[in-house]
Amino acid sequence: MRETEQISILKGIGEKTEQLFLKAGVRTIGELLEYYPRTYDIYEEPVAIGEIEEGKTVTVTGAVFGRIQVSKIKNFQITTLYLKDLTGTLKVIWFRMPFLRNTLGKGGVITLRGRIIRKKDGLVMEHPEIFYPSTTYEEKRGTMQPVYPLTAGLTNNMVKKAVAQTLREVQMLHEFLPENLLQRYQLEGRKTALQGIHFPKTKEEFYQARKRFVFEEFLIFILSLRKMKDREVRMENGFTFREQPQIKAFLEALPYELTSAQKKVWDEIRKDMCGASVMSRLVQGDVGSGKTIVALLGLMFAGLNGYQGALMAPTEVLARQHYENISKMLEQYGISLKPELLTGSMTAKEKRETYARIESGEADLIIGTHALIQEKVQYKNLALVVTDEQHRFGVKQRETLAGKGDIPHILVMSATPIPRTLAIILYGDLDISVIDELPKNRIPIKNCVVDTGYRNTAYNFMKKQVAEGRQCYVICPMVEESEHLEAENVTDYAQMLQEIMGNSIRVGCLHGKMKQAEKDEIMETFGKNEIQILVSTTVIEVGIDVPNATVMLIENAERFGLAQLHQLRGRVGRGGYQSYCIFMSASKSKETKERLEILNKSNDGFFIAGEDLRLRGPGDLFGIRQSGLMDFKLGDVFQDSIILKQAAEAAVTLLNEDPGLEKEEHRRLMTKLNSYLSETMLEMTL
């Protein structure tokens, strides 16, 4: 069995199962081996029922108490039992497993392992594993079981079996990293690390395996950036820009003055656009620092010089909001540029008409989603593309956008405050600007870190804010251990909250399993204040501005990284009202309190990012959501900052010694790099 062979050669993988794996992006044996677990179930010592905590996955042993009930809610059945030990009684529920009434109804002592959540009637264990007799739990105690990312129909057991069989039978496992790098950075060989990442016997074994693959992932990424940078150095600026008096008049007419940081960054952008080479610039600015107005100045500079500018947003609802805001500003300040909106949900006729206006040059500023870069869109003379960190551009994508014209300038906006040392590594192909001060009219957000006993007080506070005409967000973390969709968690919470808030307040919900059109509709409804409280997962991170939203309640705040919590908090405080962020934590650990206290004391994203780096240790690799930045499979730029720096150092050494990676010991690494570039279409999506 070789890495290049299809997974269909594995026992138990027929046509249907192969299709399920294909949906998850797994076609070959090699891709299966790199389909890493997203977390691990760690089977720890059982605890007394009286000591259980909300938000934790625990094991309890006790006797079945009373009758087992099966009830029907919505489209599925819920089985409920009560488990009793010397310290208390615990309610336990299972979804779609009515047969348990017969198997568990005989009574006796059993061991259950599941997540503890809070319902209206107190703490509940949801959908646990069952061990009977309780001695069978001993077989798993202390072990780490992989939990894989799944698609509909694909089970964790299917993936586990396929990976275990592959690791037993695969031959010719290629090592991509040169021997001298493995030794210098004390990294495991690939075969040992694959066993350790999928089926670690101890936490230490997992840490060593993960370190190796994170290093490999960062190294390949940085090498690819260096190759892009080498190509981009040769790009000449084909546009001629002159100073525009209308921009100076626009800035003087604004009801506020740009901050010193905004002025400095605008000056850097203007000089780049007038310079000898094509601009590749990253503008880093904390949430609410005023990046959008700087981007608008760049777009206006392009438009007033007779060229086109494009602004690409991650969602349709955000693109529409940008379009409406820019249209109003251009009209209000008498700037004669024609904005145009282009999104995927437009009708075929609307798209055709929009394409015609873009191609003829009638449209000066084009705002949209990824629809902006589709083949059918032909620009007359595109000079500037403004995008966010989710849509980074490479050479080929620039060439696609430019068509037969000149290569456009690129401006990437980032709201993720990354310490400068890491930003230089991660955005090695871009020049970096930082907007590091907030506008003077911003009212600082008031923060508080509380335990779950504060929940009713928080709800009453939200009711008061809504009565004053304001709106609120509630963020729920995804239920990692449950194979139930996050949707059920958020929907259940929203229903519970609706009952508490009463009919005069409308509670809505938003989660990642919804279709984009449905998400957009809910966000628009919330934007119009037709929904007063929005219960959501972290999909809200990339949302529209709702200046009326003043309260952000984050449940189980201990399960997020500080950088992500800061991003979420940035959804409020965007209007002229005092805003509040309530970090609710079920954890009683000293470390968690110390981490969350940083957010309580500071609204400065760059300070928080630095503290996040300082405080995170290897123990945080379990249970805390990664930052999600750059979309690495395993690596997290905050968590793994030391490995990131090592990989950057290794990349420099490699390219200095062997610029084309042509030496025998580097050939497999070059093959891996080429595969990465072609498979991920890095140059098309960076």
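Just so it is clear, the values below take in all heavy atoms, side chains as well, and ignore hydrogens, waters and symmetry mates.
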With respect to Asn305, which candidate in Glu243, Arg242, Gln244 satisfies the side-chain hydrogen bond (donor to acceptor under 3.5 Å, both in side chains) definition?
Gln244
Is any side-chain heavy atom of [X] closer than 4.5 Å to a side-chain heavy atom of [Y]?
{"X": "Tyr323", "Y": "Leu311", "value": "no"}
{"X": "Leu596", "Y": "Phe560", "value": "no"}
{"X": "Leu384", "Y": "Met279", "value": "yes"}
{"X": "Ile269", "Y": "Leu297", "value": "no"}
{"X": "Leu341", "Y": "His322", "value": "no"}
{"X": "Val572", "Y": "Val551", "value": "no"}

Which residues satisfy the side chain to side chain contact (heavy atoms under 4.5 Å, CB included) test with Tyr577, sequence neighbours excluded?
Arg470, Asn548, Thr550
Using side chain to side chain contact (heavy atoms under 4.5 Å, CB included) as the criterion, list what pairs up with Glu324, not counting sequence neighbours.
Arg320
Got more than 12 heavy atoms from elsewhere within 6.0 Å of NZ, Lys264?
no
How about Gln578: does its CD atom have over 12 heavy atoms from other parts shown lying under 6.0 Å from it?
yes
So Ile293 and Met329, side chain to side chain contact (heavy atoms under 4.5 Å, CB included) or not? Walk me through it.
CA-CA 10 Å; Ile293 191 74; Met329 287 189 92; 3.8 Å; yes
Minimal non-hydrogen separation, Val294 against Ile435, with atom names
CG2-CD1, 4.1 Å
Might you point out which heavy atoms bring Ala363 and Glu340 nearest each other, and give the distance in Å?
CB-CB, 3.7 Å
How far apart are the C-alpha atoms of Ile335 and Leu304, what are their side-chain angles, what is the distance that settles it, and do they pass the side chain to side chain contact (heavy atoms under 4.5 Å, CB included) test?
CA-CA 9 Å; Ile335 293 162; Leu304 292 169; 4.2 Å; yes
Side chain to side chain contact (heavy atoms under 4.5 Å, CB included) between Arg506 and Thr525, intermediate numbers included
CA-CA 11 Å; Arg506 185 178 169 195; Thr525 310; 3.7 Å; yes
Write out all pairs satisfying ring pair (Phe, Tyr, Trp, His ring centres under 6.0 Å) with one or both partners inside residues 295-318, taking only residues at least two apart or from two chains.
Phe239-Tyr307, Phe241-Phe301, Phe241-Tyr307, Trp266-Phe301
Within this structure, what is the [atom1]-[atom2] distance for the pair [X] and [Y], rounded to the nearest 0.5 Å?
{"X": "Asp520", "Y": "Glu316", "atom1": "CG", "atom2": "CD", "result": "5.5 Å"}
{"X": "Phe583", "Y": "Asn556", "atom1": "CZ", "atom2": "CG", "result": "14.0 Å"}
{"X": "Ile358", "Y": "Leu382", "atom1": "CD1", "atom2": "CG", "result": "9.5 Å"}
{"X": "Ile410", "Y": "Leu282", "atom1": "CD1", "atom2": "CG", "result": "12.5 Å"}

Side-chain donor or acceptor of [X] paired with backbone N/O of [Y] under 3.5 Å:
{"X": "Gln284", "Y": "Val434", "result": "no"}
{"X": "Lys291", "Y": "Met413", "result": "no"}
{"X": "Glu555", "Y": "Val474", "result": "no"}

Apply the test side chain to side chain contact (heavy atoms under 4.5 Å, CB included) to residues Lys338 and Leu330: give CA-CA distance (whole Å), side-chain angles for both, the deciding distance (0.1 Å), then the verdict.
CA-CA 9 Å; Lys338 168 86 171 63; Leu330 294 176; over 6 Å; no
Of all residues at least two apart in sequence or in a different chain, which pass the salt bridge (Lys or Arg N to Asp or Glu O under 4.0 Å) check with [X]?
{"X": "Lys263", "result": "Glu257"}
{"X": "Glu499", "result": "Lys120"}
{"X": "Glu521", "result": "none"}

Are Arg270 and Asp267 close enough, and set up right, to give a salt bridge (charged side-chain N to carboxylate O under 4.0 Å, His left out), and what steps lead you there?
CA-CA 5 Å; Arg270 195 171 42 77; Asp267 198 45; 2.2 Å; yes
Do the ring planes of Tyr459 and Tyr493 sit parallel (below 30°), tilted (30 to 60°) or perpendicular (above 60°)?
perpendicular
